[in-house]
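Please read the structure below before turning to the comments.
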There are 4 protein chains.
Amino acid sequence: MTSHSPQLFSIVPGSTEPIYRQLVEQVRRLVAGGQLAPGDALPSVREVALQLAVNPMTVSKAYGLLELESVLERRRGVGMLVADRPRKRSGEGDINARLALLRPTLERAAREARELELDPDTVLSLFKAILKESP
Amino acid sequence: MTSHSPQLFSIVPGSTEPIYRQLVEQVRRLVAGGQLAPGDALPSVREVALQLAVNPMTVSKAYGLLELESVLERRRGVGMLVADRPRKRSGEGDINARLALLRPTLERAAREARELELDPDTVLSLFKAILKESP
Amino acid sequence: MTSHSPQLFSIVPGSTEPIYRQLVEQVRRLVAGGQLAPGDALPSVREVALQLAVNPMTVSKAYGLLELESVLERRRGVGMLVADRPRKRSGEGDINARLALLRPTLERAAREARELELDPDTVLSLFKAILKESP
Amino acid sequence: MTSHSPQLFSIVPGSTEPIYRQLVEQVRRLVAGGQLAPGDALPSVREVALQLAVNPMTVSKAYGLLELESVLERRRGVGMLVADRPRKRSGEGDINARLALLRPTLERAAREARELELDPDTVLSLFKAILKESP
DNA sequence: GTGGTCTAGACCACA
DNA sequence: GTGGTCTAGACCACG
């Protein structure tokens with residue numbers, strides 16, 4: 001069964017962050033967050049490449065790295081599946097692990113806010129608005 | 001008299017963001033935030049290169065791009081100065097301009113939080129803690 | 001299919017004008033003159049570097065600056081193309097723009113002729129001969 | 001006798017052409033054109049430096065190079081004088097020598113005009129206007 | 001194959 | 001001392 005999630009992935013094409021790495025980190029987060037559960041099938045390389053208007057090799061490279069990391073498993077004739085490693089979902093430790101994945105970006109935002117001499121409360125209310133915006 | 005700003009700039013060496021671009025954006029923010037005021041001298045190319053353990057050409061490239069943008073001015077035999085363009089500090093428009101510079105990073109954090117299926121309030125309180133932490 | 005433009009660019013190696021700037025101005029003129037039309041591919045960095053016996057980074061710097069100016073566009077995995085901006089070719093305004101690009105060099109020549117105490121008519125006939133010579 | 005020519009020299013500060021070289025070539029032309037005759041005194045280093053708002057070392061370097069070339073002579077306690085080498089003024093050969101000094105700039109202008117796809121006659125009439133303009 | 005980034009080190013122009 | 005230019009060569013991202 002091929003998942004037809006209309007837009008599981010999204011990339012920022014103008015970024016200096018390489019596309020394959022944007023994909024790798026996105027999958028890691030989706031797995032950590034439980035939106036991709038062990039055994040779930042990922043969209044095929046071609047499908048993703050088409051959706052994102054990206055070279056298939058780029059997607060393939062991301063999948064390959066995730067396989068090396070044991071986040072994904074390659075199943076002959078089937079495609080890539082989320083690996084089922086021992087994962088303690090909905091526990092306390094898990095929340096901390098997920099917060100740890102988010103922390104670097106929050107720290108970057110905090111550093112930039114400081115360099116811009118912005119008031120923490122102003123920044124917090126903007127962030128709150130953005131957070132509750134698109135889900 | 002050499003300015004001995006102990007660490008005006010900081011870079012993330014492992015990042016995929018090119019070093020010269022990290023520097024460009026950092027200077028833009030420091031100027032927008034007023035920490036670098038028109039007429040201020042920037043640390044010399046060599047000084048920054050030493051502090052960051054980076055090749056002088058990399059710093060020079062950043063300074064050169066900022067000169068093209070008219071954020072900096074080159075003074076023969078003196079060094080780079082912050083350009084004095086008409087800037088309306090401490091006005092409303094200015095705050096919005098600075099928030100606009102911060103927005104992309106906040107949006108990135110929000111997207112990552114969503115992918116991690118993290119509760120907005122949990123994220124906000126972590127961000128609040130980070131924001132009030134290091135200054 | 002590699003374009004084999006036998007010698008699109010030429011530089012004066014001994015000049016004090018930096019090579020990258022000679023290239024930038026040359027491309028600007030070729031685009032302004034229409035010899036490089038929007039969508040045209042430029043010779044690759046490596047190709048130009050070989051032809052001119054110059055370091056690839058020098059060519060790359062010129063291309064990068066022209067991209068910042070929106071004279072060129074970078075196409076991933078393809079190379080640099082002439083940007084297709086609204087350009088009014090063969091109009092009056094266009095001729096004036098092109099003459100404006102030439103004026104500084106003509107003024108320099110006039111100043112030098114004056115310093116050499118050369119008769120304007122003598123200078124004009126020499127220039128006429130040179131102009132109709134090499135095309 | 002110190003010559004007080006209010007502005008014997010002129011430079012283009014924004015140019016990539018080094019100032020000392022602009023000065024060297026200007027003196028060569030003024031000597032070739034006869035505006036500076038053998039035995040004439042040149043303005044002092046300090047005087048030129050003040051007039052042009054340039055570092056005295058830069059002027060000194062230019063004079064030094066012209067001395068090496070035997071275009072100028074250094075006279076202790078007097079200053080720099082134009083050297084009196086055998087020079088056949090107002091003869092045919094001399095005109096050719098002066099035209100030869102001008103030729104590179106004319107060739108550069110012709111090349112630029114060609115790259116701009118400008119009509120030779122248009123270029124010639126612009127040049128004529130400039131030539132008869134400022135003397 | 002394309003362009004981009006970076007290094008280590010040289011030399012130049014200017015103050 | 002300042003910044004600017006260039007080289008030779010390495011490695012990366014993308015197609």
Side-chain angles (χ1 to χ4, degrees), chain A residues 11 13 15-22 49 53-62, chain B residues 1-3 11 13 15-23 41-49 52-64 66-67 72-81, chain C residues 1-3 11 13 15-23 41-49 52-64 66-67 72-81, chain D residues 11 13 15-23 49 52-62:
Chain A
I11 57 167
S15 167
T16 55
E17 183 86 356
I19 293 172
Y20 82 90
R21 190 174 290 215
Q22 292 184 42
V54 144
N55 192 296
M57 269 189 52
T58 305
V59 182
S60 181
K61 179 172 187 177
Chain B
M1 190 205 299
T2 311
S3 89
I11 57 168
S15 166
T16 55
E17 184 87 355
I19 296 171
Y20 81 89
R21 192 176 284 233
Q22 294 184 41
L23 292 176
L42 275 88
S44 79
V45 166
R46 290 157 171 84
E47 198 177 343
V48 175
L52 302 179
V54 141
N55 188 292
M57 260 198 64
T58 304
V59 182
S60 181
K61 180 172 185 177
Y63 279 9
L66 288 161
E67 192 195 5
L72 301 185
E73 278 176 12
R74 188 167 23 112
R75 222 41 147 254
R76 295 235 159 144
V78 174
M80 307 295 294
L81 307 184
Chain C
M1 189 205 302
T2 312
S3 87
I11 56 167
S15 165
T16 56
E17 184 86 354
I19 295 171
Y20 81 89
R21 192 176 283 232
Q22 293 183 42
L23 292 175
L42 275 89
S44 78
V45 166
R46 290 158 172 81
E47 198 178 342
V48 175
L52 301 180
V54 141
N55 190 291
M57 260 198 65
T58 303
V59 181
S60 182
K61 180 171 186 179
Y63 279 10
L66 287 161
E67 193 195 4
L72 301 184
E73 278 176 12
R74 189 169 22 113
R75 214 59 136 245
R76 295 236 159 147
V78 174
M80 307 295 294
L81 307 183
Chain D
I11 57 168
S15 166
T16 55
E17 183 87 355
I19 294 172
Y20 82 91
R21 191 173 290 213
Q22 293 184 42
L23 292 175
L52 302 179
V54 143
N55 191 296
M57 269 189 52
T58 305
V59 182
S60 181
K61 180 172 185 176

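First the proteins, then the strands, lettered A, B, ... as listed; each starts at 1. Just so it is clear, the structure is predicted and the values come from calculations on it, not from any experiment.
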For this session: Do nucleotides 6-15 of chain E as a string where each nucleotide becomes B, S or -: B if the base has a protein heavy atom under 4.0 Å, S if just the sugar-phosphate does, - if no protein is that close.
Result: BBB----SSB
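C/R74 meets the side chain to side chain donor-acceptor pair (under 3.5 Å) test with C/E67; sequence neighbours excluded. Residues passing the side chain to side chain donor-acceptor pair (under 3.5 Å) test with C/E73, sequence neighbours excluded: C/R75. Here C/E17 pairs with nothing under the salt bridge (Lys or Arg N to Asp or Glu O under 4.0 Å) rule; sequence neighbours left out. B/S44 meets the side chain to side chain contact (heavy atoms under 4.5 Å, CB included) test with B/R46, B/E47; sequence neighbours excluded.
Computed from coordinates, the C/E67 CD to E/dG4 P distance equals 6 Å when rounded to whole Å. Atom CG in C/L42 sits about 9 Å away from atom P in E/dG3, given to the nearest Å. When rounded to the nearest whole Å, the span between CD of B/E73 and P of F/dT2 equals 19 Å. Spacing between atom CG of C/L66 and atom C1' of E/dG3 amounts to 14 Å, rounded to whole angstrom units.
Taking each heavy atom of C/T58 and C/Y20 in turn, the nearest pair found is O-CB, 3.7 Å. Nearest heavy-atom pair, B/Q22 versus B/I11, reported as atom, atom and distance to 0.1 Å: OE1-CA, 3.4 Å. Here the closest heavy-atom approach between residue A/V54 and residue A/I19 is recorded as CG2-CD1, 3.9 Å.
D/L52 places a side-chain heavy atom less than 4.5 Å from the side chain of D/L23.
The side chain of C/S60 contributes no N or O atom lying less than 4.0 Å from OP1 or OP2 of E/dG3. Taking 4.0 angstrom as the limit, B/R74 places none of its side-chain polar atoms (N or O) nearer than this to OP1 or OP2 of F/dT2.
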Seminar exercise, completed: Pairs under 3.5 Å (Watson-Crick or G-U), crossing ones as [ ], inter-strand ones as |: DNA chain E comes out as ||||||||||||||.
